[in-house]
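Everything below concerns the one structure shown next.
Each chain gets a letter, A, B and so on, in the order the sequences are listed, and its residues count up from 1. In this text the structure is predicted, and so the values were computed from the model without any measurement.
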2 protein chains.
Amino acid sequence: MQRQQNLTKNQKIVLDIIEKSTEPLKAYSILSNVKKKGINAPPQVYRALDKLVDMGKIHKIESKNAFVACQNSNCKVSKAAAFSICESCEEVTEIDNSKISKYLSSFADKIGMKYKKYNLEFFGLCKKCK
Amino acid sequence: MQRQQNLTKNQKIVLDIIEKSTEPLKAYSILSNVKKKGINAPPQVYRALDKLVDMGKIHKIESKNAFVACQNSNCKVSKAAAFSICESCEEVTEIDNSKISKYLSSFADKIGMKYKKYNLEFFGLCKKCK
DNA sequence: CTCTATAATGTTATATTATTACATAGTGTT
DNA sequence: AACACTATGTAATAATATAACATTATAGAG
């Protein structure tokens with residue numbers, strides 16, 4: 001069984017490029033960027049992405065089919081994440097989610113759900129664009 | 001300019017099938033169900049879906065690439081929506097979001113964002129499955 | 001009414017995103 | 001060495017979504 005801390009070769013390559021990016025990266029964009037490192041085909045990228053998401057190292061922005069590195073160390077535990085997405089400049093920012101997490105998990109309890117994680121995407125205009 | 005209340009022929013057909021479904025429908029599943037009604041190609045479905053989402057009549061479950069009819073009349077205004085998604089039985093339920101809306105919009109204010117809408121997806125186990 | 005602008009529709013092709021299926025290679029355990 | 005298991009490599013294809021362009025319907029303006 002793979003340990004959380006020891007990433008495999010492909011996982012390291014994929015995580016590295018996501019961490020270095022200033023914006024969410026799409027799977028095929030990652031693929032084209034890692035061809036020189038010997039990753040040739042989609043499944044290699046998607047497998048690494050899946051595992052990294054499972055570990056909480058990255059998050060998927062569902063509305064964009066794109067991936068960002070986790071900014072909050074606590075996501076390692078909850079895997080829950082919240083983002084603000086600017087509809088003008090496309091900037092995506094991960095929101096420090098400890099308060100939201102508390103609120104939302106209590107909400108999930110209230111509706112009778114055994115809560116595991118959530119994905120929250122805010123759309124609007126960021127500070128700069130509004 | 002199209003008025004909110006007057007749906008076009010294709011929009012009616014697509015909305016109708018989504019409203020009759022007990023589960024989120026995918027675009028190509030909708031397509032195959034409406035071929036008999038004269039809708040033949042993906043763009044016809046996607047165009048109707050886009051407009052219906054804009055009007056708040058339906059919502060897209062981003063994590064599933066699927067569409068559900070809006071359960072809350074107030075979504076017509078806010079277009080914001082929250083769902084609980086059971087990872088066991090796949091049931092998707094729209095959460096009455098007036099409280100969450102209030103909380104999240106104030107949160108968006110606090111981080112300096114001009115808030116327009118949000119999409120929130122809870123994952124876990126529903127009442128029946130837990 | 002009819003002209004015109006716009007919205008809606010229809011159609012073909014193609015782009016983008018993601019998975020299946022199977023073969024090969026490494027890694028640790030007994 | 002034999003094994004189970006994880007990871008990797010590869011080809012093919014499935015599933016999701018859009019571009020581009022032609023045609024038809026509809027609502028106002030004159």
In whole Å, I'd like the distance from the [atom1] atom of [X] to the [atom2] atom of [N].
X     : N      : atom1 : atom2 : answer
B/L15 : C/dA8  : CG    : C1'   : 17 Å
B/I39 : C/dG10 : CD1   : C1'   : 11 Å
B/L7  : C/dA8  : CG    : P     : 11 Å
A/K51 : C/dT19 : NZ    : P     : 14 Å

Please pick, from [options], the nucleotide with the shortest atom-to-atom distance to any side-chain atom of [X].
X     : options                : answer
A/K9  : D/dA17, D/dT8, D/dA7   : D/dT8
A/Y46 : C/dA18, C/dG10, D/dA17 : C/dA18
B/T8  : C/dG10, C/dT9, D/dT10  : C/dT9

- Stepwise side-chain contact (heavy atoms from CB on, under 4.5 Å) test for B/K64 and B/I85: CA-CA 10 Å; B/K64 291 180 169 293; B/I85 301 171; 3.6 Å; yes
- Distance-only, no hydrogens or angles: does the B/E121 side chain make a donor-acceptor pair with backbone N or O of B/S63 under 3.5 Å? yes
- Message: Can a donor-acceptor pair be found, under 3.5 Å and without considering hydrogens, that links the side chain of B/Q44 to the backbone of B/A41?
- Response: yes
- Task: Enter the distance from A/I58:CD1 to A/D50:CG here, rounded to the nearest 0.5 Å.
- Result: 8.5 Å
- Task: Working to the nearest 0.5 Å, report the span between NZ of B/K99 and CZ of A/F107.
- Result: 6.5 Å
- Item | Residue-level proximity of residues 60-69 of chain B to DNA chain D when a heavy atom falls under 4.0 Å | B/K60, B/N65
- Message: With the threshold set at under 4.0 Å for non-hydrogen atoms, list the residues of residues 23-36 of chain B touching DNA chain D in residue-number order.
- Response: B/K26, B/Y28
Using a cut-off of less than 4.0 Å, is there contact between a side-chain N or O of [X] and OP1 or OP2 of [N]?
X     : N      : answer
B/N6  : D/dT26 : no
B/Q44 : C/dT9  : no
A/N40 : D/dG9  : no

- Nearest-nucleotide comparison on DNA chain D, the residue closer to the 5′ end among A/R47 and A/P42: A/R47
- Does B/F123 have A/K117 sitting over its ring (NZ/CZ under 6.0 Å from centre, angle to axis within 45°)? yes
- Below 6.0 angstrom between ring centroids: does that apply to B/F122 and B/F83? no
- Task: Kindly indicate whether the side chain of B/C70, heavy atoms from C-beta on, has any atom under 4.5 Å from the side chain of B/E94.
- Result: yes
- Message: Any carboxylate oxygen within less than 4.0 angstrom of a Lys/Arg side-chain nitrogen, looking at A/E91 and A/K128?
- Response: yes
